Amino acid sequence: DQQVKQNSPSLSVQEGRISILNCDYTNSMFDYFLWYKKYPAEGPTFLISISSIKDKNEDGRFTVFLNKSAKHLSLHIVPSQPGDSAVYFCAACGTSYGKLTFGQGTILTVHP
Amino acid sequence: GAVVSQHPSRVICKSGTSVKIECRSLDFQATTMFWYRQFPKKSLMLMATSNEGSKATYEQGVEKDKFLINHASLTLSTLTVTSAHPEDSSFYICSAQGDGENTIYFGEGSWLTVV
């Protein structure tokens with residue numbers, strides 16, 4: 001039972017353009033969502049998060065949008081840079097903060 | 001710099017032996033740590049929640065007698081894979097929970113290969 005889903009295994013974007021990574025969830029008890037960037041054989045690096053009381057959170061080039069009614073969130077990276085190439089995971093948690101449920105990940109490749 | 005450190009980063013062990021992986025919070029106290037496992041090209045799956053001074057809470061399907069977790073201090077949790085088998089080969093990652101929002105820190109991960 002995949003409670004957090006990233007349906008796009010990969011995404012390829014030109015440098016300078018916008019990257020949009022999507023994530024859907026099924027558990028209505030989730031109230032905090034996070035995005036992580038991960039390189040092979042390394043631990044995840046936190047990027048940005050959003051609480052369910054908000055619908056948008058912005059941090060530099062990264063913006064996360066949350067649509068609670070659709071149980072959908074997205075990460076926008078603009079402008080995309082080659083150094084952004086990595087696997088991006090969305091994660092969610094409920095009242096037990098820190099106990100994360102991860103999506104399957106999306107491989108982002110940003111071409112120069 | 002890293003705030004959560006895992007050791008070893010890579011380990012190879014023989015079938016039937018046990019191997020211990022350490023997870024340390026470097027500059028904060030973590031009453032709660034989490035252990036995840038990642039299979040190749042798959043997501044991170046939560047194995048257990050490690051609570052300082054008490055028993056770990058295991059997720060459904062995770063054998064607690066095989067994956068022993070000890071959280072004896074506020075800065076250290078250990079995962080011991082007992083009687084390891086090749087199917088235990090995986091990437092194991094810990095995280096530690098600090099105070100406040102956005103304070104879940106992940107370790108660098110540990111590659112376990114059982115031969």
Side-chain angles (χ1 to χ4, degrees), chain A residues 1-10 21 23-27 30-54 57-60 62 64 86-108, chain B residues 1-11 21 23-25 28 30-52 56-61 77 90-113:
Chain A
D1 177 27
Q2 190 75 30
Q3 297 187 62
V4 178
K5 297 180 183 179
Q6 293 174 256
N7 292 317
S8 297
S10 62
L21 298 119
C23 180
D24 297 293
Y25 62 97
T26 57
N27 190 338
F30 289 146
D31 60 7
Y32 197 71
F33 305 89
L34 308 93
W35 283 94
Y36 287 87
K37 178 180 180 180
K38 186 180 180 302
Y39 295 108
E42 292 184 11
T45 302
F46 171 78
L47 285 174
I48 193 169
S49 63
I50 188 167
S51 164
S52 61
I53 62 173
K54 297 182 178 179
N57 189 26
E58 192 171 355
D59 184 2
F62 302 94
V64 56
V87 181
Y88 288 77
F89 287 95
C90 70
C93 62
T95 55
S96 183
Y97 180 74
K99 188 175 172 179
L100 300 176
T101 301
F102 283 85
Q104 309 96 310
T106 297
I107 302 171
L108 173 65
Chain B
V3 294
V4 174
S5 178
Q6 270 184 253
H7 177 81
S9 58
R10 289 182 180 271
V11 58
I21 301 170
C23 179
R24 294 182 184 273
S25 57
F28 68 100
T31 55
T32 306
M33 292 184 176
F34 303 88
W35 286 96
Y36 294 83
R37 179 176 181 177
Q38 184 183 25
F39 292 99
K41 299 183 180 179
K42 297 291 185 183
S43 182
L44 288 81
M45 300 296 293
L46 178 66
M47 298 174 66
T49 303
S50 173
N51 304 297
E52 188 269 335
T57 306
Y58 290 82
E59 295 300 302
Q60 191 174 10
S77 175
S90 190
F91 191 55
Y92 293 88
I93 307 173
C94 72
S95 69
Q97 182 177 337
D99 293 324
E101 275 195 12
N102 303 334
T103 57
I104 304 170
Y105 304 103
F106 281 84
E108 308 96 325
S110 300
W111 269 113
L112 169 64
T113 302

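Remember, it's a predicted structure, so these values are computed and weren't measured experimentally.
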Any idea which heavy atoms bring [X] and [Y] closest together, and the distance?
{"X": "A:Leu34", "Y": "B:Ile104", "result": "CD2-CD1, 4.4 Å"}
{"X": "A:Gly98", "Y": "B:Gln97", "result": "CA-OE1, 3.9 Å"}
{"X": "B:Phe91", "Y": "A:Gly43", "result": "CZ-N, 4.5 Å"}

Any side-chain heavy atom of B:Leu44 sitting closer than 4.5 Å to one from A:Phe89?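 Answer yes - side chains close enough.
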Measure B:Glu59 against the heavy atoms of chain A and call it side chain, backbone, both or neither at under 4.5 Å.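 Only the side chain of B:Glu59 comes within 4.5 Å of chain A.
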Given heavy-atom pairs under 4.5 angstrom as the criterion, report whether the side chain, backbone, both or neither of B:Ile93 touches chain A.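 Looking at B:Ile93, just its side chain touches chain A.
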Once rounded to the nearest 0.5 Å, what's the spacing between atom [atom1] of [X] and atom [atom2] of [Y]?
{"X": "A:Leu100", "Y": "B:Leu46", "atom1": "CG", "atom2": "CG", "value": "8.0 Å"}
{"X": "B:Ser9", "Y": "A:Glu42", "atom1": "OG", "atom2": "CD", "value": "11.0 Å"}
{"X": "A:Lys5", "Y": "B:Ser43", "atom1": "NZ", "atom2": "OG", "value": "13.0 Å"}

Relative to chain B, which of A:Ala91, A:Gly105, A:Pro44 shows the most heavy atom pairs under 4.5 Å?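 Of the candidates given, the most pairs with chain B belong to A:Pro44.
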So which of B:Lys42, B:Gln38, B:Met45, B:Met33 has the largest heavy-atom pair count under 4.5 angstrom toward chain A?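 Greatest number of close heavy-atom pairs with chain A: B:Gln38.
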With sequence neighbours excluded, residues passing side-chain contact (heavy atoms from CB on, under 4.5 Å) with B:Thr57: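 In terms of side-chain contact (heavy atoms from CB on, under 4.5 Å), with neighbours along the sequence ignored, B:Thr57 is linked to B:Thr49, B:Asn51.
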Run through B:Tyr105, B:Phe106, B:Tyr36 and flag the one making a ring-ring contact (aromatic ring centres under 6.0 Å, His included) with A:Tyr36.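 The passing option is B:Phe106.
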Given heavy-atom pairs under 4.5 angstrom as the criterion, report whether the side chain, backbone, both or neither of A:Ile107 touches chain B.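 Neither the backbone nor the side chain of A:Ile107 comes within 4.5 Å of chain B.
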